[in-house]
Amino acid sequence: MLNLKPMQRALIEAEKAFTQDEVPVGAVIVDTLSGGVIASTHNEMEKRKDPTAHAELLAIQKACLLKERGRLEDCDIYVTLEPCPMCAQAISFARFRRLYFGAYDPKGGGVDHGAKIFNASSCHYHPEIIGGLEEEACASLLLNFFGKVRAGSP
């Protein structure tokens, strides 16, 4: 049976990003051996003035520091939005067991859309991928955020 709790926690992280005027994407990393969450983050690009401060990369950095290693093969990552090519490549380098994501991103995704990083011949590792988890809630949060941005609301 699929455990939705990590994705629900990733949604809480995405909601935090929304309140901070960040693109609402959240990421959670679960240690599959213990079942515990070892990293929980959201986008911080505006806060850090850093285009690489995506939720996935911040979560990977935290998890690697905690585990004291650069590979996370005994971990799963949950993300509210299909990872972009940069994040998909980092997920490959970290060697996650599974990638779960919520909303699909036809415009900027790098897993099922766009670059399709895990299908590239240069990609030497790809996790099991499960997309569409809590898709409606994840997509709704993003649509609300971009509707607010387009309306010019702070």
[atom1]/[X] to [atom2]/[Y] distance, rounded to the nearest 0.5 angstrom?
X: I29; Y: Q61; atom1: CD1; atom2: CD; answer: 10.0 Å
X: F93; Y: L72; atom1: CZ; atom2: CG; answer: 13.5 Å
X: L143; Y: K148; atom1: CG; atom2: NZ; answer: 14.0 Å
X: N3; Y: Q8; atom1: CG; atom2: CD; answer: 8.0 Å
X: L81; Y: C138; atom1: CG; atom2: SG; answer: 8.0 Å

Test of understanding: clusters of I, L, V, M, F, W, Y form through side-chain heavy atoms closer than 4.5 Å, transitively. Do [X] and [Y] belong to the same one?
X: V28; Y: L133; answer: yes
X: V149; Y: F18; answer: yes
X: M7; Y: V37; answer: yes
X: F145; Y: L141; answer: yes
X: F101; Y: F118; answer: yes

Are any of the side-chain heavy atoms of [X] and [Y] separated by less than 4.5 Å?
X: I117; Y: V111; value: no
X: I91; Y: I60; value: yes
X: D50; Y: E44; value: no
X: P83; Y: L99; value: yes
X: T41; Y: K62; value: yes
X: C75; Y: I38; value: yes

Of the non-hydrogen atoms in [X] and [Y], which two are nearest, and what is the gap between them?
X: A115; Y: P85; value: CB-CG, 4.0 Å
X: D112; Y: K116; value: O-CE, 3.2 Å
X: G110; Y: A88; value: O-CB, 4.0 Å
X: A59; Y: A39; value: O-CB, 3.5 Å
X: E135; Y: A103; value: CG-CA, 4.1 Å

Fill in: side-chain hydrogen bond (donor to acceptor under 3.5 Å, both in side chains) pairs, two or more places apart, involving residues 81-110
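Checked against side-chain hydrogen bond (donor to acceptor under 3.5 Å, both in side chains) - neighbours excluded - the pairs reaching residues 81-110 are D76-R97, E82-H113, R98-E128.
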
Discussion item. Within the 3.5 Å criterion, strictly below it, is a donor on H42 or Q20 matched to an acceptor on the partner's side chain?
Written reply: yes

So, the side chain of [X] versus the backbone of [Y]: is there a donor-acceptor pair under 3.5 Å, distance only?
X: N43; Y: V23; result: yes
X: R71; Y: C64; result: no
X: Y125; Y: A94; result: no
X: H54; Y: P51; result: yes
X: E134; Y: T80; result: no

Item to complete: Not counting sequence neighbours, which residues clear salt bridge (charged side-chain N to carboxylate O under 4.0 Å, His left out) with D74? List them please.
Response: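 Testing D74 for salt bridge (charged side-chain N to carboxylate O under 4.0 Å, His left out), a comparison that skips the adjacent residues, returns K67, R69.
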
Worksheet item: Does NZ or CZ of K5 fall inside the cone over Y78's six-membered ring, less than 6.0 Å from its centre and within 45° of the axis?
Response: no

